[in-house]
Protein chains: 2
Amino acid sequence: MTRLPVPERRRALIAAAIRVVARDGVAATSTRAIAAEAGMPLGALHYVFVSRDDLLAAVIDTVTAGQRVAAESVLPHPDTQPPASGALLHTFGALLHTGLGRFLDLLEAEPEREVAVLELNLYTLRTPAMAGTMRAEYEETYQALVPVLARAARACRCASTVPLRDVARLLVTAVDGLTTTWLADRDCAATRRVAALVADGIAALFAPLAPDAAAGQGDEPGAPHDHPEGGLHHADHP
Amino acid sequence: MTRLPVPERRRALIAAAIRVVARDGVAATSTRAIAAEAGMPLGALHYVFVSRDDLLAAVIDTVTAGQRVAAESVLPHPDTQPPASGALLHTFGALLHTGLGRFLDLLEAEPEREVAVLELNLYTLRTPAMAGTMRAEYEETYQALVPVLARAARACRCASTVPLRDVARLLVTAVDGLTTTWLADRDCAATRRVAALVADGIAALFAPLAPDAAAGQGDEPGAPHDHPEGGLHHADHP
DNA sequence: CAAGATCTTGGTCGTTCGACCAACTTTGGA
DNA sequence: TCCAAAGTTGGTCGAACGACCAAGATCTTG
């Protein structure tokens with residue numbers, strides 16, 4: 001094989017490993033299978049990675065990073081259509097609806113991708129050294145989702161009645177549940193009906209904002225009118 | 001080892017395999033590990049099961065059967081406290097709340113159990129011969145949940161505005177999502193807050209029944225007033 | 001042009017795996 | 001009592017695994 005610097009070979013091996021995991025599963029992702037997929041001898045793998053677990057850790061880092069940007073893109077940017085008058089609350093539900101629908105499109109198009117994510121999550125759970133890492137990854141996802149939710153809510157002229165952090169966590173819970181359930185029964189129509197119920201249910205957590213307060217003080221990200229720090233105080237419905 | 005008939009040894013091996021899967025994961029569940037856990041020589045395993053995959057299939061059958069009865073017990077029997085007057089709609093939400101809380105108690109008490117279920121689900125997904133089986137298992141779970149939901153709704157004097165089958169599927173989606181999310185971040189308090197939101201959201205799908213129609217015609221299981229056959233017709237809010 | 005650093009390669013350990021088998025013991029009915 | 005069926009046991013086979021290494025090839029720097 002042509003001479004390759006370590007970082008490039010590292011990337012190639014990670015990409016090959018992701019393909020193998022998606023196609024054959026983590027259990028079948030041996031060092032030899034990865035090397036064969038990457039088209040390089042087995043020794044080259046151990047020249048870059050000290051062990052198989054080291055490579056799999058790098059794989060997990062890569063796919064979780066991609067997972068986070070995917071999570072942020074679930075909520076589409078509402079800038080395209082400025083919110084018209086009336087039925088503003090329904091707009092947020094529609095936003096969630098199209099976002100979840102977009103995710104389901106991706107899921108149905110290449111289920112192996114999500115299966116691979118689930119398998120890697122379980123592998124992480126089984127590896128004591130990485131259990132804490134996973135906790136941090138999910139926390140980051142929630143925190144990355146909060147400003148996206150705040151921006152969407154602001155565009156729809158509504159505000160959450162519960163801490164946005166809980167809404168973000170609820171959204172992740174919903175996406176995870178929709179994924180595993182669809183993977184189990186492959187019922188596309190039922191999954192989309194359930195996704196519609198989920199979108200309506202989450203949208204029901206948002207209340208329309210007073211029109212005079214719409215152009216009010218809260219413009220910086222963080223959404224000060226909906227408990228941005230997501231602390232211990234329980235949701236108090238006014 | 002003392003002489004054992006095949007069915008008993010079969011049960012013992014399945015139980016041992018379940019313990020190994022919960023403790024060490026599917027990947028570490030080798031024939032030798034199972035035999036050691038059961039305290040019997042390796043040859044005895046292959047005398048009962050033709051192959052490791054055969055044993056794992058039996059394991060999956062056993063745990064999915066247990067999973068179904070667990071799913072039915074998520075909705076506690078409402079017979080203990082006869083519905084008082086007023087706030088009948090809140091009663092159904094409370095029922096869901098306690099049911100989900102009970103499940104979370106179990107999840108936090110022994111997470112290995114649910115991790116094992118997830119691993120076995122993924123193993124089933126990866127095994128082409130069993131992919132169809134899993135579809136059927138989930139369908140059975142939905143169908144088992146429909147009469148439970150119908151009974152709970154009747155006791156709470158309310159009826160679903162969407163097909164009960166979709167509600168059952170939504171409940172399974174919620175439980176799956178709550179499980180995976182808690183396993184990832186281990187945030188018990190946040191999980192229970194999200195579970196409360198889920199319970200409220202599902203309860204919002206039910207509308208109070210007219211008091212004269214409460215003792216009406218629908219007494220047999222199947223709940224004729226809420227689209228029991230879960231067909232294609234979309235939910236029409238009256 | 002040297003020489004050290006950086007890659008590349010094929011081969012080889014020791015271990016563990018699933019599957020298999022021949023010999024042995026126990027059981028229960030003829 | 002005898003004997004076939006049922007059950008038990010320890011050992012062995014080939015294959016695949018992760019890890020490692022020595023030797024060669026190539027690049028880069030002085």
Side-chain angles (χ1 to χ4, degrees), chain A residues 1-21 23-60 119-120 122-124 126-130, chain B residues 1-60 116 119-120 122-124 126-130:
Chain A
M1 166 159 261
T2 70
R3 193 183 177 87
L4 271 183
V6 168
E8 284 188 43
R9 192 174 289 274
R10 184 184 167 88
R11 270 195 300 270
L13 278 168
I14 291 175
I18 290 177
R19 287 196 300 271
V20 175
V21 170
R23 189 193 334 121
D24 306 322
V26 178
T29 304
S30 61
T31 56
R32 286 172 173 83
I34 298 169
E37 175 74 24
M40 54 181 74
L42 178 57
L45 190 149
H46 276 100
Y47 182 75
V48 179
F49 294 96
V50 299
S51 70
R52 171 179 179 265
D53 286 352
D54 185 24
L55 200 167
L56 283 186
V59 165
I60 289 172
E119 284 190 323
L120 290 174
L122 279 176
Y123 176 84
T124 306
R126 287 290 184 194
T127 308
M130 311 179 70
Chain B
M1 165 159 262
T2 70
R3 192 182 176 88
L4 272 184
V6 167
E8 285 188 42
R9 191 174 289 273
R10 183 184 167 89
R11 271 195 300 271
L13 278 169
I14 291 176
I18 290 178
R19 287 196 300 272
V20 175
V21 170
R23 191 196 331 123
D24 306 321
V26 178
T29 304
S30 62
T31 56
R32 285 171 174 83
I34 298 170
E37 174 75 24
M40 55 180 75
L42 179 57
L45 191 149
H46 275 100
Y47 183 75
V48 179
F49 294 97
V50 299
S51 71
R52 171 180 179 265
D53 286 350
D54 185 25
L55 201 168
L56 282 186
V59 164
I60 289 171
E119 284 189 324
L120 290 174
L122 279 177
Y123 176 83
T124 306
R126 288 289 184 197
T127 308
M130 311 179 70

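In what follows, every chain begins at residue 1, and chains take the letters A, B, ... in the order their sequences are listed.
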Give the B/S/- string for nucleotides 19-30 of chain D, one per nucleotide from 5' to 3', where a protein heavy atom under 4.0 Å of the base yields B, of only the sugar-phosphate yields S, and otherwise -. B------BS---
Run the side chain to side chain donor-acceptor pair (under 3.5 Å) test against B:Asp53 and tell me which residues pass, sequence neighbours left out. B:Tyr123
May I ask you to verify if any side-chain N or O of B:Tyr47 is less than 4.0 angstrom from the OP1 or OP2 atom of D:dG7? yes
Closest of C:dT9, D:dG7, D:dC17 to the A:Ser30 side chain is D:dC17
Taking B:Ala27's backbone N and O only, do any of them form a donor-acceptor pair with A:Arg126's side chain (distance below 3.5 Å, no angle check)? no
Let me know the distance between CG of B:Leu4 and P of C:dT27, rounded to the nearest Å. 12 Å
Test: salt bridge (charged side-chain N to carboxylate O under 4.0 Å, His left out). Region: residues 41-50 of chain A. Which pairs qualify, not counting sequence neighbours? none
Could you state the atom-to-atom distance from CG of B:Leu45 to P of D:dT8 in whole Å? 12 Å
Please list all pairs meeting salt bridge (charged side-chain N to carboxylate O under 4.0 Å, His left out) that have one or both residues in residues 30-40 of chain A, counting only residues at least two apart or in different chains. A:Arg19-A:Glu37, A:Arg23-A:Glu37
Between C:dC17 atom P and B:Phe49 atom CZ, what is the distance in whole Å? 19 Å
Side chain to side chain contact (heavy atoms under 4.5 Å, CB included) with B:Thr124: which residues, sequence neighbours excluded? B:Ile60, B:Met130, B:Met134
Taking only residues two or more places apart in sequence or in another chain, which ones pass side chain to side chain contact (heavy atoms under 4.5 Å, CB included) with B:Pro5? B:Pro7, B:Glu8
When rounded to whole Å, the CE to P distance for the pair B:Met40 and D:dG7 reads 13 Å
